[in-house]
Protein chains: 2
Amino acid sequence: MRGGEGERLELQAKKRPRQARAQATFDAIVQACARVLAEEGYAAVTTNRVAELAGVSIGSLYEYFPNKQAIVASALARAMREIVEEVGASLRVAVALEGQPRAGIDYWMRAMTAALEKRGALLRVALREVPFLWDIPEVRDLSDTLQHIAQEGRKKSARVVHFDDPEASTYLLMTMVWSAILQSVLYRPSHLSRERLTSTLVEMVLKLL
Amino acid sequence: MRGGEGERLELQAKKRPRQARAQATFDAIVQACARVLAEEGYAAVTTNRVAELAGVSIGSLYEYFPNKQAIVASALARAMREIVEEVGASLRVAVALEGQPRAGIDYWMRAMTAALEKRGALLRVALREVPFLWDIPEVRDLSDTLQHIAQEGRKKSARVVHFDDPEASTYLLMTMVWSAILQSVLYRPSHLSRERLTSTLVEMVLKLL
DNA sequence: GATTAATCCGAATAAATGCTCGGAAACACT
DNA sequence: AGTGTTTCCGAGCATTTATTCGGATTAATC
């Protein structure tokens with residue numbers, strides 16, 4: 001019942017399922033946890049609720065996870081890996097559109113938006129309510145991973161950021177774009193449509209390159 | 001003991017302290033709560049802990065607050081009001097520096113950074129761990145308030161954002177700057193100094209105006 | 001078919017903690 | 001000093017909920 005400070009939490013899954021049946025319950029648990037998180041919030045994630053929704057017994061949870069946090073961590077780590085994969089793939093497409101910078105940037109912005117939008121509810125809860133979020137390796141590394149992706153794109157592209165400090169400006173550009181998209185997904189500003197924001201964002205990025 | 005979904009939480013203080021003695025305990029409670037939040041995290045905020053640190057009895061807490069959440073809400077609302085005030089004040093200074101846009105932007109960026117930095121630990125916990133954060137009016141309105149401040153600055157200044165959609169681009173610019181600063185305060189990227197980031201940020205903003 | 005290992009079950013346990021309530025103490029006002 | 005109001009106290013109640021454990025059930029292996 002501790003929170004998110006001193007204690008070292010065990011966030012790894014306990015044991016690998018060996019039989020197919022076991023793999024199914026393992027997945028059911030992780031998936032059920034993700035659903036409760038997204039639909040009911042972190043406070044609703046009780047071990048009993050997750051077990052119930054997964055259709056397994058409470059005892060089975062502790063067969064594969066050392067504690068509640070490890071279940072949540074598994075669910076969130078999975079989502080992060082998916083996001084990184086989608087964002088990375090979209091960058092490769094964008095770079096392939098070398099000839100038309102606007103089209104490339106546009107595609108990339110929209111892909112990032114889609115990747116976050118698809119998991120909006122989950123991300124909202126994760127970022128706002130999960131106390132040990134930043135103890136999850138996949139989350140902690142996300143920022144750096146995105147930086148790598150951005151650097152990679154810059155190197156392969158003809159366009160370059162031309163400011164005094166290329167590293168700092170690349171970092172900032174990526175951070176700003178990512179934050180703006182995330183913000184609009186999480187906060188859902190009512191007076192400005194997503195479409196309007198995206199196209200304006202593309203303009204701004206082009207101007208900064 | 002509920003979390004952050006369906007239930008309507010009472011986040012207002014219960015009753016106003018009438019005597020000076022009472023005002024002192026009221027303040028002590030709010031301040032103690034802020035300290036526990038910033039130094040030990042939300043999970044450490046138990047009614048007993050706050051009472052202890054405030055040097056009052058547990059019973060006294062419930063004299064002025066209907067529940068635990070109201071105490072946390074009071075502490076955070078106070079911080080938000082202070083931030084808005086500081087950011088607003090710094091904008092007025094920046095606008096007064098009309099002649100030198102670079103100096104004005106620079107001053108403003110640094111003031112925002114300072115305002116957030118000063119409350120870094122508190123903000124980190126608030127944004128990452130407090131489940132009902134967005135039910136607090138002062139927090140919910142923060143984004144809009146910042147938008148107003150930005151619009152105000154734009155109107156009073158000679159420089160204008162020149163993109164197809166002035167409203168969207170102003171919104172995005174403010175969001176991006178705010179997010180980037182907040183991000184760097186919360187995340188503390190080790191490989192890039194605060195100074196480096198700030199000056200680059202100033203460059204970028206100038207380029208977008 | 002017998003034996004071993006993996007998986008699943010769920011009532012019971014144990015601990016944490018938000019909050020109440022009856023009464024004592026301090027204060028304001030006459 | 002007397003009276004009513006405000007403030008303060010803190011042991012105890014009530015509830016929630018993470019986790020255990022002994023044993024039943026099913027699958028793999030010989």
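The structure presented is a predicted model; accordingly, all values stated were derived computationally and were not measured. Chain A is the first sequence line, chain B the second, and so forth, proteins listed ahead of strands; every chain is numbered from 1.
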Identify whether the distance between the nearest side-chain nitrogen and carboxylate oxygen of A:Arg128 and B:Glu129 falls below 4.0 Å. no
Per A:Ile58 side chain, nearest of listed nucleotides D:dT19, D:dA18, C:dC19: D:dT19
Can you tell me how far C1' of D:dG23 sits from OH of A:Tyr62, to the nearest Å? 20 Å
Hey, does the side chain of A:Thr47 come within less than 4.0 Å of D:dA18's phosphate (OP1/OP2), counting only N and O? yes
d(CD1, B:Ile29; C1', D:dT7) in whole Å: 11 Å
Cation-aromatic face contact B:Arg16/B:Phe26, 6.0 Å, 45 degrees: yes
Could you tell me how far apart B:Tyr42 (OH) and C:dG18 (P) are, to the nearest whole angstrom? 8 Å
So the ring-ring contact (aromatic ring centres under 6.0 Å, His included) pairs with at least one residue in residues 183-207 of chain A (sequence neighbours excluded) are none
Within 45° of the axis and under 6.0 Å from the centre of the six-membered ring of B:Tyr62, does NZ or CZ of B:Lys14 qualify? no
Pairs under 3.5 angstrom, nitrogen or oxygen only, protein versus nucleotides 3-8 of chain C, please.
from: C:dT7; atom 1: OP1; to: A:Arg18; atom 2: N; distance (Å): 2.7
from: C:dT7; atom 1: OP1; to: A:Gln19; atom 2: N; distance (Å): 2.9
from: C:dC8; atom 1: OP1; to: A:Thr25; atom 2: OG1; distance (Å): 3.3
from: C:dC8; atom 1: OP2; to: A:Thr25; atom 2: OG1; distance (Å): 3.2
from: C:dC8; atom 1: OP2; to: A:Tyr64; atom 2: OH; distance (Å): 2.8

Mark yes or no for whether A:Thr113, through its side chain, and A:Met109, through its backbone, hold a donor-acceptor pair below 3.5 Å. yes
At 10 degrees resolution, what angle do the end axes of the helix from C:dG1-D:dC30 to C:dT30-D:dA1 form when each is taken over five base pairs? 20°
Note: A:Asp165 and A:Ala168 closest approach over all heavy atoms is OD1-N, 3.0 Å
Within 45 degrees of the axis of the six-membered ring of B:Tyr42 and under 6.0 Å from its centre: does B:Lys68 put its NZ or CZ there? yes
Take atom CD of B:Glu52 and atom P of C:dA16, then tell me their distance rounded to the nearest Å. 15 Å
With no hydrogens and no angle check, do the side chains of A:Glu52 and A:Asn48 hold a donor and an acceptor under 3.5 Å apart? no
Expressed in angstrom and rounded to an integer, what is the separation of B:Leu61 atom CG from C:dT17 atom P? 15 Å
